[in-house]
Amino acid sequence: MAIKDFPIEEYVLPGSAACPGCPATIALRIVLKALGKKTVMIVPACCTAVIESLYPHTSFNIPVMNIAFEAAAAGAAGVEAALRKLGKNDVTVLAWAGDGGTYDIGLQALSGALERETNFIYICYNNQIYSNTGIQRSGATPYAAWTTTTVGGKKEFRKEMGDIIRAHHIPYSAQTCISYPDDLYNKVKKAKEIEGPKYIEILTPCPPGWRFSMEKTVEMGRLAVETGVWALYECKNDVVTFNGKSRLILENKIKRVPIEEWMRPQGRFKHLFVPKKDVKRIKALEEHIEKIWERYRKYYI
Amino acid sequence: MGKTGSWRVFRPVVDRLKCVKCLRCWVFCPEGVVRREEDGTVSIDYEYCKGCGICAAECKVKAITLVREEGDGGK
Ligand SMILES: Cc1ncc(C[n+]2csc(CCOP(=O)(O)OP(=O)(O)O)c2C)c(N)n1
Ligand code: SF4
Ligand code: SF4
Ligand code: SF4
């Protein structure tokens, strides 16, 4: 759908505690436009719980249930069961969690809900860190990135959540990014119409966490896709389709932009460029990304 | 949080004559404070705009400029 046709209703209200330039609120605005008013959101501990504000105030114009860090999917499964018992079949249950709450601590609850075929949408907004508690590393943090718990740069490569999700063979899963609002909107809309468990992950570049200046949020997402650090794709009934620029990269119709272009504006990679360029680690990350694409090409062309 | 307009260091100012009504600023504004006007152009709610500058960065025709705030922001 074209941007101008997105619903005008706002479900994220202004005046929240989100940092200026916050990608989580950009994502949530678009997601809730796609889902509409009849949505219940389950939010574990993460930035969104802070953005939401403290009772009796709220930044969200829909009902929200807050729950423990590890329990977003379990909470959503409970809400879904209750709504079903009440015969309220027209309400969308949305679990909305960060990458810490998804890749790491919430993985067991998520896997369980997917396996039990819970009828809900799980969205992970992936800012590649535990940002709410002050920028600690997560399973989604890329190799070599600085966080407060990986001071010299992370030693491990990021986990591939998409692969883990697809191993559950759910009816719909997708990866998208805030910088492509139509892609994001359409994927959420599609998920809404499908019965059973749906998983969508949104790359959300976070200015204080990635250490870039706040007007660059959208640009950093765009560069993540153009460099191939992030891929836009969807998987419907086990058939994977790449979207937009990611499709062109997959089919070798365009070349990935060198990852340096994405890394340079981010202070969390500064130690790879100053005082002198760490060619070895930049190359290691580039090769890791290339290996991911080789795998994509092998399986999904 | 309340009136987050007071956070602003730079104020985004829209030149509605330059605006081509693409709504990129509207869709990307993290605060949802870009208003859609009847003529298809946009204006900004300065009571809440945090001054992040995403609207100006994403406007392809440079219809939004950032101007340093004087005083304590807000209205
Ligand atoms: C069991 C438990 N451990 C730790 C915390 C502290 N805590 C709250 S939010 C958070 C990080 C959340 O990270 P993420 O899920 O990535 O969301 P983000 O903050 O990035 O939005 C942590 C560690 C907690 N609330 N509960
Ligand atoms: S730390 Fe990042 S995700 Fe969290 S509120 Fe700030 S900008 Fe948003
Ligand atoms: S991004 Fe620029 S051209 Fe597009 S609607 Fe906003 S001000 Fe107008
Ligand atoms: S400066 Fe930021 S908060 Fe203000 S209108 Fe532009 S995008 Fe929205």
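Lettering of chains follows the sequences in order, A, B, ..., and the numbering in each one begins at 1. In this text the structure is predicted, and so the values were computed from the model without any measurement.
If you tally non-hydrogen atom pairs under 4.5 Å between each of A:C19, A:S213, A:S179, A:P207 and chain B, the highest count goes to A:S179. Most heavy-atom pairs under 4.5 Å with chain B: of the set A:A2, A:P23, A:P20, this distinction falls to A:P20. Contact tally against chain B (heavy-atom pairs below 4.5 Å) for A:I26, A:V12, A:T25, A:I8: the top residue is A:I26.
The NZ atom of A:K4 sits 12.5 Å away from atom NZ of B:K21, with the distance rounded to the nearest 0.5 Å. To the nearest 0.5 Å, atom CD of residue A:E215 and atom CZ of residue B:F28 are 14.5 Å apart. Rounding to the nearest 0.5 angstrom, the gap separating the OH atom in B:Y48 from the OG atom in A:S16 is 11.0 Å. B:E31 contributes atom CD, which lies 9.0 Å from atom CZ of A:R29 (distance to the nearest 0.5 angstrom).
With a threshold of 4.5 angstrom between heavy atoms, B:C55 does not approach chain A through any atom at all. Looking at B:V33, the atoms closer than 4.5 Å to chain A (heavy atoms on both sides) all sit in the side chain, from C-beta outward. For A:I30, the part lying near chain B is the side chain, with the backbone staying farther off; criterion is any non-hydrogen pair under 4.5 Å.
B:C52 and A:G21 make their closest contact through CB-N, 3.3 Å (heavy atoms, listed as atom of the first residue, atom of the second, distance). Of all the heavy atoms in A:P7 and B:W26, the pair that sits closest is O-CH2, 3.7 Å. Residue B:I54 comes nearest to A:M214 through the heavy atom pair CG1-O, 3.5 Å, listed as atom of the first residue, atom of the second, then distance. Closest non-hydrogen pair, A:C22 versus B:P30, comes out as O-CB, 3.4 Å.
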